Amino acid sequence: MPKLASSLNNVYNKSLDLLAPSGIRSFDKKISNIDGIIKLTIGEPDLNTPEHVKKAGADSIMNNDSHYATQTGKQELRDAISNYLNKMHNLNYDAESEVVVTVGATEAIYAAFQTILNKGDKVIVPTPTFALYFPIIKILGATPIKVDTSDNDFVLSPEKLKETLDKEGSSVKAVLLNYPGNPTGVEYSKDDLQKLANVIKKRKLFVVSDEIYSDITYDVKHYSIAEMLPEQTLYISGLSKSHAMTGYRVGYICGPSPIIKKLSMVHAFLVTATTNSAQVAAEEALKNGMQDPTEMSKIYKKRRDILQKGLTELGFDMPQPKGAFYMFAKIPDQFGKDDEAFALDLAKKAKVGVIPGSAFGPGGEGHIRFSYAASDETIHEALKRLKSYLN
């Protein structure tokens with residue numbers, strides 16, 4: 001096993017020193033070896049990929065679909081993405097010049113920021129939110145401006161956005177939105193988005209809108225800010241959550257053709273192209289599986305209701321999730337505000353794994369995140385253990 005030459009010990013990208021390990025993954029790893037633990041930690045659907053989607057991917061392999069795909073994605077998949085977004089979300093993107101297929105939404109996020117940011121730029125990030133955004137922005141030499149939204153039901157208000165833009169100045173190059181939100185499950189209404197769009201359209205700004213959970217919603221219609229502000233929005237989504245395809249790693253990003261042309265260059269340098277069989281499976285999902293997310297949402301909604309009822313009875317307070325499959329619960333006052341200590345003690349004594357809210361940035365302190373992408377039986381057992389622990 002080779003050892004790194006001592007002369008190379010300090011030869012690496014120094015911006016990596018600014019990054020901390022993922023609070024979600026590191027905490028999950030810390031408790032994973034506890035015998036008999038129930039983990040409601042990671043946002044991993046426990047549902048299976050639909051059979052017709054799996055078959056399409058398998059057929060692609062058996063048919064020797066093994067040569068390089070077009071770098072921006074197979075034309076058939078880009079056509080399917082364009083059609084799907086038009087029918088489901090009233091968005092209009094040209095498949096040829098305004099859509100890029102990526103290796104999951106994660107690559108789309110990285111490619112988007114790599115394309116639009118320069119050293120010294122700033123990005124407004126409403127928090128609490130998915131913590132992956134912070135290190136990506138930092139490693140590119142920019143600064144995430146974290147805006148605590150906990151005093152407004154975890155929704156960025158136009159007033160707070162304007163105040164932050166005025167304070168931070170022209171170095172702000174983008175606003176990041178993630179909704180339905182991880183970790184809160186909170187949605188933005190059409191009115192919320194229109195008011196934000198009215199502020200943003202007056203500025204020299206991009207919106208990077210991560211809407212990966214847009215097809216997992218409950219009793220509300222999802223609206224995209226890309227519908228109201230298409231000329232300034234980079235729209236990101238994928239198949240991981242909507243069709244339980246996390247391991248297939250298929251995402252996509254859409255936007256105006258001039259910036260997508262630049263982004264396509266970054267994408268090509270990063271990965272060349274997405275795996276063929278995964279693209280074929282994704283095409284099948286979008287063409288013939290438009291109702292698959294609806295059926296999955298029914299299952300998640302039932303689980304949400306079980307978990308919310310149980311947690312409320314135990315003294316937790318939380319916003320009702322309108323989408324995704326997370327519940328962001330405030331720890332009862334008598335247990336203090338140290339969410340990491342609470343979550344660690346809960347894991348050790350009750351063998352229930354959750355994620356401390358502080359992992360998601362300002363506004364997350366004193367909260368814990370539950371993932372209800374788990375079976376009804378698992379959620380019932382977790383609540384039973386939690387009740388015993390609290391007593």
Side-chain angles (χ1 to χ4, degrees), residues 89 109 112-113 116 121-134 137 142-214 217-237 317-324 326-330 337 357-367 369:
H89 298 298
I109 294 164
F113 285 130
I116 65 176
D121 287 344
K122 299 174 183 177
V123 179
I124 293 176
V125 185
T127 62
T129 193
F130 185 42
L132 176 74
Y133 307 126
F134 309 140
I137 293 167
T143 302
I145 305 301
K146 301 174 185 179
V147 180
D148 184 352
T149 62
S150 58
D151 62 351
N152 191 48
D153 299 322
F154 301 111
V155 170
L156 177 64
S157 69
E159 294 81 12
K160 181 67 74 70
L161 174 59
K162 186 177 184 304
E163 174 189 327
T164 306
L165 287 169
D166 290 342
K167 177 183 176 183
E168 299 297 336
S170 60
S171 55
V172 177
K173 293 301 188 295
V175 178
L176 183 283
L177 294 179
N178 165 234
Y179 64 100
N182 175 8
T184 63
V186 166
E187 262 282 30
Y188 279 67
S189 70
K190 186 176 185 179
D191 185 57
D192 291 331
L193 294 168
Q194 187 60 65
K195 288 177 179 177
L196 291 176
N198 290 341
V199 174
I200 294 167
K201 70 183 180 182
K202 298 174 184 177
R203 312 268 182 157
K204 191 177 178 180
L205 287 175
F206 281 101
V207 180
V208 178
S209 192
D210 181 358
E211 301 179 39
I212 189 68
Y213 295 101
S214 60
T217 58
Y218 317 113
D219 304 320
V220 295
K221 176 176 172 52
H222 176 84
Y223 293 94
S224 175
I225 195 168
E227 184 179 351
M228 302 148 198
L229 202 64
E231 66 277 11
Q232 289 175 255
T233 301
L234 288 172
Y235 175 94
I236 294 171
S237 192
D317 183 45
M318 72 228 70
Q320 184 181 55
K322 298 297 184 184
Y326 306 108
M327 196 158 290
F328 203 57
K330 183 177 179 294
K337 294 185 177 180
S358 55
F360 302 96
E365 305 87 349
H367 293 73
R369 188 195 76 174

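As the structure is a prediction and not an experimental result, all values here were calculated from the model.
- Formation of a donor-acceptor pair under 3.5 Å by the Lys190 side chain with backbone atoms of Ser224 is not found in this model.
- The NZ atom of Lys162 sits 8.0 Å away from the NZ atom of Lys202 when rounded to the nearest 0.5 Å.
- Using a 4.5 Å cut-off on side-chain heavy atoms (C-beta onward), Leu156 and Tyr188 make contact.
- Between the Thr184 side chain and the Val186 main chain, a donor and an acceptor come within less than 3.5 Å of each other.
- Looking only at distances, no side-chain donor or acceptor of Thr149 sits under 3.5 Å from a matching main-chain atom of Asn152.
- Of the possible polar contacts, one joining the Thr127 side chain to the Pro362 backbone as a donor-acceptor pair under 3.5 Å is found.
- Tyr213 and Tyr179 form no side-chain donor-acceptor contact under 3.5 Å, judged by distance and modelled atom types alone.
- When side chains are defined from C-beta on, Leu177 counts as touching Ile225, because their heavy atoms get closer than 4.5 Å.
- Closest of all the heavy-atom pairs between Ala226 and Tyr235 is CB-CD1, 4.2 Å.
- Side-chain contact annotation: His89 with Glu227, donor-acceptor N/O pair under 3.5 Å absent.
- Here the side chains of Asp151 and Lys160 are in contact, with some heavy-atom distance below 4.5 Å.
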Exercise for the section: Check the pair Glu159, Leu161 against side chain to side chain contact (heavy atoms under 4.5 Å, CB included), reporting the backbone distance first and the verdict last. Expected result: CA-CA 5 Å; Glu159 294 81 12; Leu161 174 59; over 6 Å; no
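- No side-chain heavy atom of Asp121 sits under 4.5 Å from any side-chain heavy atom of Thr143.
- Here the CD atom belonging to Gln194 is positioned 5.5 Å from the CE atom belonging to Met228, to the nearest 0.5 angstrom.
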Practice task
For side chain to side chain contact (heavy atoms under 4.5 Å, CB included), just list the numbers for Asp210 and Tyr133, CA-CA rounded to whole Å, side-chain angles, deciding distance to a tenth of an Å, and then say yes or no.
Solution key: CA-CA 10 Å; Asp210 181 358; Tyr133 307 126; 2.6 Å; yes
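- Considering all non-hydrogen atoms of both residues, Gly185 and Pro180 come closest at O-CB, 4.4 Å.
- Looking at every heavy atom in both residues, Asp148 comes nearest to Gly363 through OD1-CA, 3.3 Å.
- Closest non-hydrogen pair, Ala324 versus Gly181, comes out as CB-O, 4.2 Å.
- For the atom pair CG (Asn178) and CG (Leu176), the distance works out to 7.0 Å, reported to the nearest 0.5 Å.
- Using a 4.5 Å cut-off on side-chain heavy atoms (C-beta onward), Lys322 and Gln320 make contact.
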Practice task
Applying side chain to side chain contact (heavy atoms under 4.5 Å, CB included), run through Ile124 and Leu205 and close with a yes or a no.
Solution key: CA-CA 10 Å; Ile124 293 176; Leu205 287 175; over 6 Å; no
Handout entry: Trace of the side chain to side chain contact (heavy atoms under 4.5 Å, CB included) decision for Lys173 with Val123
Key = CA-CA 6 Å; Lys173 293 301 188 295; Val123 179; 5.9 Å; no
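- Nearest heavy atoms, Pro144 versus Val125: CB-CG2, 4.2 Å.
- Counting only distance, with no hydrogens or angles, the side chain of Ser214 and the backbone of Glu211 share a donor-acceptor pair below 3.5 Å.
- Note that Lys146 lies in the cation-pi zone of Phe134, set by a 6.0 Å cut-off to the ring centre and a 45° limit from the axis.
- Remark: Leu165 CG to Ser170 OG distance equals 11.0 Å, nearest 0.5 Å.
- Here the side chain of Asn182 pairs no donor or acceptor atom with the backbone of Phe130 at under 3.5 angstrom.
- Counting only N and O atoms by type, the side chains of Asp191 and Ser189 include no donor and acceptor under 3.5 Å apart.
- No side-chain heavy atom of Met327 sits less than 4.5 Å from a side-chain heavy atom of Arg369.
- Two residues are said to be in side-chain contact when any heavy atoms from C-beta on lie closer than 4.5 Å; Val175 and Val208 fail this criterion.
- With contacts defined as side-chain heavy-atom distances shorter than 4.5 Å, the pair Phe360/His367 does not qualify.
- Nearest heavy-atom pair across Pro128 and Gly361 is CB-O, 4.3 Å.
- In this structure, CG in Asp192 is found 9.5 Å from OG in Ser157, a value given to the nearest 0.5 Å.
- Summarising the geometry, atom OG1 belonging to Thr164 is positioned 7.5 Å from atom NZ belonging to Lys167; distances are rounded to the nearest 0.5 Å.
- The backbone N or O of Val155 lies less than 3.5 Å from no partner atom in the side chain of Asp153, so there is not a single donor-acceptor pair.
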